[in-house]
A.B. asks: 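My structure is below; once you've seen it, I'll send some questions.
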Amino acid sequence: MNVRVRFAPSPTGALHIGGVRTALYNYLYAKKNKGKFLLRIEDTDQNRWVQGAEEYIIESLRWCGIEPEEGLGYGGNYGPYRQSERKALYYKYAHHLVQSGKAYYAFDTEEELEVMRSRLSDAGVAAPKYDASVRMEMKNSLSQDADYTASWINSGQGYVIRLKVDSGNTISYVDLVREEVKFASEELDDKVLIKADGMPTYHMANVIDDHLMEITHVIRGEEWLSSTAHHLLLYQAFEWQPPLFVHLPLILKPDGKGKLSKRDGAKFGFPVFPLAWAGQTEEDSFTGFREYGLEPEALINFLAFLGWNPGTEQEIFTLDQLVIAFDFDKVHKGGARFDIDKALWFNQQYIKQIPGDQIAQRLKPIIESNGWDYNPESCLAIIQLYLERVHKINEIPVQAYYLFTELSTYDQEAFKKHWKPELKVKFETLLADISSISSFDAQELESVLKEHLKVIGLKPGDVFPIFRLALSGSLHGPTIFQMLNILGKKGLERLHAQLKIMLDGL
RNA sequence: GGCCCGUUCGUAUAGAGGCCUAGGACGCCUCCCUUUCACGGAGGAAACACGGGUUCGAAUCCCGUACGGGCUACCA
């Protein structure tokens, strides 16, 4: 089989991380089977269309390295790939369904629908819906005669086209993840196929496009599982061979209470979008994983494991390795919670493999925008020192800022705790002794410094924490010899100046 | 509420009837390395939702219950 899969998002805003994972699984499956992965834009809801969303989707997939090779922005022989541009097509097919008795026109107003629902619900019907049991009591081309229907349509009053769902059938299919799934047709409503504005609903457009674009596997989120019955009915009505369906487990909030949503980023303190999104309002604007500092390879690796695993103990996978290892029989059925700690761990694994000069190139603009001097050599040295201490590259200039520029603050509490006033004179001797040092090789520095300590009668435990605070402001970080190695003479000067400041602050 | 789907350590998961005293990973804790932090190394706490079956034997199969999630629009 010539595998063709599609990622079909709606341009209603930023592309959610769950969407990225769906795109990823589509991509992996396509590549694994030497098939095609295409992008289709489902913009059938004109009210929810958002400027810039299409571009955002394309850029996101590109950043993640899972680019489609066909579809909107990529060309292909099955276009157009934007559903709004296929409007006439859907209507033609819907009309055909009406003619063959598989669908019908419906004229009910919103109020009339509401009346029907509340009447049914008052009568104790658990799930009031427009279906075979109420169809003939409603205003449609089945309950009314041909003249009425013709004149209504000619009058230009709005109408929709609904699928005629017969009761008494069982619709079943074999999901590649969930195995056999069954639905009773009584549970299904007469879904609207064409809306009053002439646009198709998702269900209609989806089925027609998947058929016309020769999609072999529909790989989508679990939120679509319930409507698959309707889609199957549509394939039946058209007498088309349906594609295979694969419903992916949802990505849940960290607390497991529902699927991860837009606002959860702010709530839980990490992004839920690949790239930053500037909406109309501040509330609708979000940061992305790119800006947060995750490497796309790490994000993809992490995302791949949210709902799938290779069955081995290997965790670090390149995209190509994922392509080889991926399969639906290893995809889980239950939803997976988003765990930012694990994502950061993946990122740490990845950044440790990036060559230092590449990281330096990325740090350069940040350093310069901070107004610091960019020195390739010391930058490289700083990277070497800090790469294993951070989870994200953008943490380096934050944590190691004191190696790029002047010290701005220090931990006063720590100083008070470690400073022994009775050692003041010895400290002064030490500082005077080392001010003539001219070699800043870390190892040499260490032996020289320790030698001085011994002569003066100071213990490393009394001196090093103080030096560390004077040099970096905090008790954490690389060895003071490494710091001095990078800072050079300036480090010695800082030692003097900062110690004075700290003593004055007592 | 109805329908559908699901449920192994805190998290993501391994597990396809005996290999399970349930494995590894992230996180957490202890120790080692070390002037500190991190890295690395060694250990530790930590799970089969519950109840019935089936079977010589069940985390694995079946049925119920509980809990969680999805859907229930002229949204996708």
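On a predicted model such as this, the values are computed, not experimentally measured, just so you know. All heavy atoms count here, side chains included; hydrogens, waters and symmetry mates do not. In what follows, every chain begins at residue 1, and chains take the letters A, B, ... in the order their sequences are listed.
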A.B. asks: Of all the choices, B:rC74, B:rC39, B:rU11, which nucleotide is nearest to the side chain of A:Arg337 once you look at every atom?
C.D. replies: B:rU11
A.B. asks: Looking only at heavy atoms, which two atoms of A:Ile219 and A:Thr22 are closest? And how far apart?
C.D. replies: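 So the minimum-distance heavy-atom pair works out to O-CG2, 3.6 Å.
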A.B. asks: Select base, sugar-phosphate, or nothing to describe what A:Gly221 touches, counting heavy atoms under 4.0 Å on all strands.
C.D. replies: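 It contacts nothing in the nucleic acid.
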A.B. asks: Indicate, with a heavy-atom threshold strictly under 4.0 Å, whether A:Gly334 touches base, sugar-phosphate, or nothing.
C.D. replies: sugar-phosphate
A.B. asks: What nucleotide among B:rA76, B:rG69, B:rC71 has an atom nearest to a side-chain atom of A:Ser226?
C.D. replies: B:rC71
A.B. asks: Closest to the A:Ala126 side chain: B:rA76, B:rG1, B:rG27?
C.D. replies: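 Nearest to the side-chain atoms of A:Ala126, counting from C-beta on, is B:rG1.
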A.B. asks: Hey, could you give me the OG/CZ distance between A:Ser167 and A:Arg135, rounded to the nearest 0.5 Å?
C.D. replies: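 It is 8.0 Å, given to the nearest 0.5 Å.
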A.B. asks: Heavy atoms only, 4.0 Å cut-off, all strands: where does A:Val160 land among base, sugar-phosphate and nothing?
C.D. replies: base
A.B. asks: Please state the P separation for the pair B:rC31 and B:rC48 - nearest whole angstrom.
C.D. replies: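 My reading of the P atoms in B:rC31 and B:rC48 gives 29 Å.
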A.B. asks: For the side chain of A:Asn309, starting at C-beta, report the closest nucleotide among B:rA14, B:rG15, B:rG70.
C.D. replies: B:rA14
A.B. asks: What's the CD-C1' distance between A:Gln482 and B:rC37, to the nearest Å?
C.D. replies: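 It works out to 12 Å between those atoms.
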A.B. asks: Of the nucleotides B:rC5, B:rC26, B:rA76, which has the atom closest to the A:Trp345 side chain?
C.D. replies: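 Out of B:rC5, B:rC26, B:rA76, the nucleotide with an atom closest to A:Trp345's side chain is B:rC26.
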A.B. asks: Quick one: label A:Phe481 by what it contacts on the DNA or RNA (base, sugar-phosphate, nothing), any heavy atom closer than 4.0 Å.
C.D. replies: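 Answer is base: heavy atoms of A:Phe481 come under 4.0 Å of a base.
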A.B. asks: Please state whether the base of B:rU36 and the side chain of A:Arg468 form at least one donor-acceptor pair under 3.5 Å?
C.D. replies: yes
A.B. asks: CG of A:Leu449 versus C1' of B:rU35: gap in Å, rounded?
C.D. replies: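 After rounding, the gap between these two atoms is 11 Å.
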A.B. asks: OP1 or OP2 of B:rG68 less than 4.0 angstrom from a side-chain nitrogen or oxygen of A:Lys253, does that happen here?
C.D. replies: no
A.B. asks: Kindly say whether, by distance alone, the side chain of A:Arg178 makes a donor-acceptor pair under 3.5 Å with the base of B:rC5?
C.D. replies: no
A.B. asks: Which part of the nucleic acid, if any, lies within contact of A:Glu315, taking any heavy atom under 4.0 Å across all strands shown: a base, the sugar-phosphate backbone alone, or nothing?
C.D. replies: sugar-phosphate
A.B. asks: Got a salt bridge between A:Lys129 and A:Asp131, using NZ or NE/NH1/NH2 to carboxylate O under 4.0 Å?
C.D. replies: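 Counted as a salt bridge, because a side-chain N and a carboxylate O are separated by less than 4.0 Å.
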A.B. asks: In this structure, how many angstroms lie between the C1' atom of B:rC39 and the OH atom of A:Tyr386, rounded?
C.D. replies: 14 Å
A.B. asks: Just call it for A:Arg117: base, sugar-phosphate, or nothing, with non-hydrogen atoms closer than 4.0 Å on any strand.
C.D. replies: sugar-phosphate
A.B. asks: Taking the side chain of A:Ala336 as heavy atoms from C-beta outward, which of B:rC75, B:rG2, B:rA12 is closest to it?
C.D. replies: B:rA12
A.B. asks: Can you tell me how far CG of A:Asn485 sits from OG1 of A:Thr479, rounded to the nearest 0.5 angstrom?
C.D. replies: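 Interatomic distance, A:Thr479 OG1 to A:Asn485 CG, rounded to 0.5 Å: 8.5 Å.
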A.B. asks: Using atom P of each nucleotide, how far apart are B:rG69 and B:rA12 to the nearest Å?
C.D. replies: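 Roughly 14 Å separates the two P atoms.
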A.B. asks: Quick check for you: among B:rC71, B:rG10, B:rG69, whose closest atom lies nearest to any side-chain atom of A:Asp339?
C.D. replies: B:rG10
A.B. asks: Please tell me if A:His332 has a side-chain N or O lying less than 4.0 Å from either OP1 or OP2 of B:rU7.
C.D. replies: no
A.B. asks: What integer number of Å spans the P atoms of B:rC74 and B:rU65?
C.D. replies: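 Result for the P pair: 32 Å, nearest Å.
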A.B. asks: So which atom in A:Leu72 and which in A:Tyr81 form the shortest heavy-atom distance, rounded to 0.1 Å?
C.D. replies: N-CB, 3.4 Å
A.B. asks: From CZ of A:Arg48 over to P of B:rC74, roughly how many Å is that when rounded to an integer?
C.D. replies: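 A:Arg48 atom CZ is separated from B:rC74 atom P by 14 Å.
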A.B. asks: Any side-chain heavy atom of A:Ile480 sitting closer than 4.5 Å to one from A:Val463?
C.D. replies: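 The answer is no; the side chains never approach within 4.5 Å.
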A.B. asks: Quantified in whole Å, what is the P atom distance between nucleotide B:rC20 and nucleotide B:rG27?
C.D. replies: 27 Å
A.B. asks: Flag this pair as yes if the NZ/CZ of A:Lys253 is under 6.0 angstrom from the six-membered ring centre of A:Phe268 and inside a 45 degree cone about the axis; otherwise no.
C.D. replies: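 The answer is no; the distance or angle limit is not met.
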A.B. asks: Is there a Watson-Crick or G-U wobble partner for B:rU35 with both distances under 3.5 Å, and if so, which one is it?
C.D. replies: none
A.B. asks: So what does A:Gly158 touch, heavy atoms closer than 4.0 Å: a base, only the sugar-phosphate, or nothing?
C.D. replies: nothing
A.B. asks: Tell me the interatomic distance from A:Lys333, atom NZ, to B:rC4, atom P, rounded to whole angstroms.
C.D. replies: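 Rounding to the nearest Å, NZ of A:Lys333 and P of B:rC4 are 17 Å apart.
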A.B. asks: Which part of the nucleic acid, if any, lies within contact of A:Lys259, taking any heavy atom under 4.0 Å across all strands shown: a base, the sugar-phosphate backbone alone, or nothing?
C.D. replies: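 Sugar-phosphate, backbone atoms only, no base.
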A.B. asks: Over all strands shown, is A:Phe305 touching base, sugar-phosphate only, or nothing at heavy-atom distances under 4.0 angstrom?
C.D. replies: sugar-phosphate
A.B. asks: Under 4.0 Å, heavy atoms only, any strand: does A:Asp108 hit a base, just the sugar-phosphate, or nothing?
C.D. replies: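 Result for A:Asp108 = base.
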A.B. asks: Check the pair A:Phe346, A:Phe317 against ring-ring contact (aromatic ring centres under 6.0 Å, His included), reporting the backbone distance first and the verdict last.
C.D. replies: CA-CA 10 Å; A:Phe346 271 110; A:Phe317 280 80; 9.3 Å; no
A.B. asks: Would you mind reading off the distance between A:Glu179 atom CD and B:rC4 atom P, rounded to a whole angstrom?
C.D. replies: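 Distance check: A:Glu179 CD to B:rC4 P gives 17 Å.
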A.B. asks: Need to verify one output field. Residue with the more 5' nearest nucleotide on RNA chain B, A:Lys330 or A:Pro460?
C.D. replies: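 It is A:Lys330, whose closest nucleotide lies nearer the 5' terminus.
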A.B. asks: Hey, does A:Pro249 reach any base, or is it just sugar-phosphate, or nothing, if we go heavy atoms under 4.0 Å?
C.D. replies: nothing
A.B. asks: Using the C1' atom on both, measure B:rU8 against B:rC4 and round to a whole Å.
C.D. replies: 23 Å
A.B. asks: Quote, to the nearest angstrom, the C1' distance that separates B:rU60 from B:rC71.
C.D. replies: 30 Å
A.B. asks: When rounded to the nearest Å, what value does the distance between C1' atoms of B:rA45 and B:rC5 take?
C.D. replies: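 The same atom, C1', in both gives a distance of 34 Å.
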A.B. asks: Starting the side chain at C-beta, find the nucleotide from B:rA38, B:rU35, B:rG1 nearest to A:Thr479.
C.D. replies: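 Of B:rA38, B:rU35, B:rG1, B:rU35 is nearest to the side chain of A:Thr479.
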A.B. asks: Write down the distance between CZ (A:Phe268) and P (B:rG27), rounded to a whole number of angstrom.
C.D. replies: 20 Å
A.B. asks: Tell me which of A:Pro254 and A:Glu446 sits closer to the 5' end of RNA chain B, going by the nucleotide each one is nearest to.
C.D. replies: A:Pro254
A.B. asks: For B:rG1, give the paired nucleotide (Watson-Crick: N1-N3 plus N6-O4 or O6-N4; G-U: N1-O2 and O6-N3; both under 3.5 Å), or none.
C.D. replies: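 Base partner found: B:rU72.
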A.B. asks: Applying side chain to side chain contact (heavy atoms under 4.5 Å, CB included) to A:Trp308 and A:Leu28, what does each step give before you reach the verdict?
C.D. replies: CA-CA 12 Å; A:Trp308 169 87; A:Leu28 294 177; over 6 Å; no
A.B. asks: When we call it a touch if two heavy atoms are under 4.0 Å apart, what does A:Lys182 touch: a base, just sugar-phosphate, or nothing?
C.D. replies: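 Sugar-phosphate contact only - A:Lys182 comes under 4.0 Å of backbone atoms but never of a base.
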A.B. asks: CG of A:Leu252 versus C1' of B:rU11: gap in Å, rounded?
C.D. replies: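 Those two atoms, CG and C1', are 12 Å apart.
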A.B. asks: Would you indicate what A:Leu250 reaches in the nucleic acid, counting non-hydrogen atoms under 4.0 angstrom: base, sugar-phosphate, or nothing?
C.D. replies: sugar-phosphate
A.B. asks: Measure from the side-chain heavy atoms of A:Lys195 and tell me the nearest of B:rC74, B:rC5, B:rC39.
C.D. replies: B:rC74
A.B. asks: Of all the choices, B:rC4, B:rC74, B:rG70, which nucleotide is nearest to the side chain of A:Leu225 once you look at every atom?
C.D. replies: B:rC4
A.B. asks: Thinking salt bridges, do A:Lys164 and A:Asp166 make one under a 4.0 Å N-O criterion?
C.D. replies: yes
A.B. asks: If the C1' atom of B:rA49 is compared with that of B:rG6, how far apart are they to the nearest Å?
C.D. replies: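 My reading of the C1' atoms in B:rA49 and B:rG6 gives 12 Å.
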A.B. asks: Assign A:Leu188 to base, sugar-phosphate, or nothing according to its heavy-atom contacts below 4.0 angstrom with the strands shown.
C.D. replies: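 Touches nothing.
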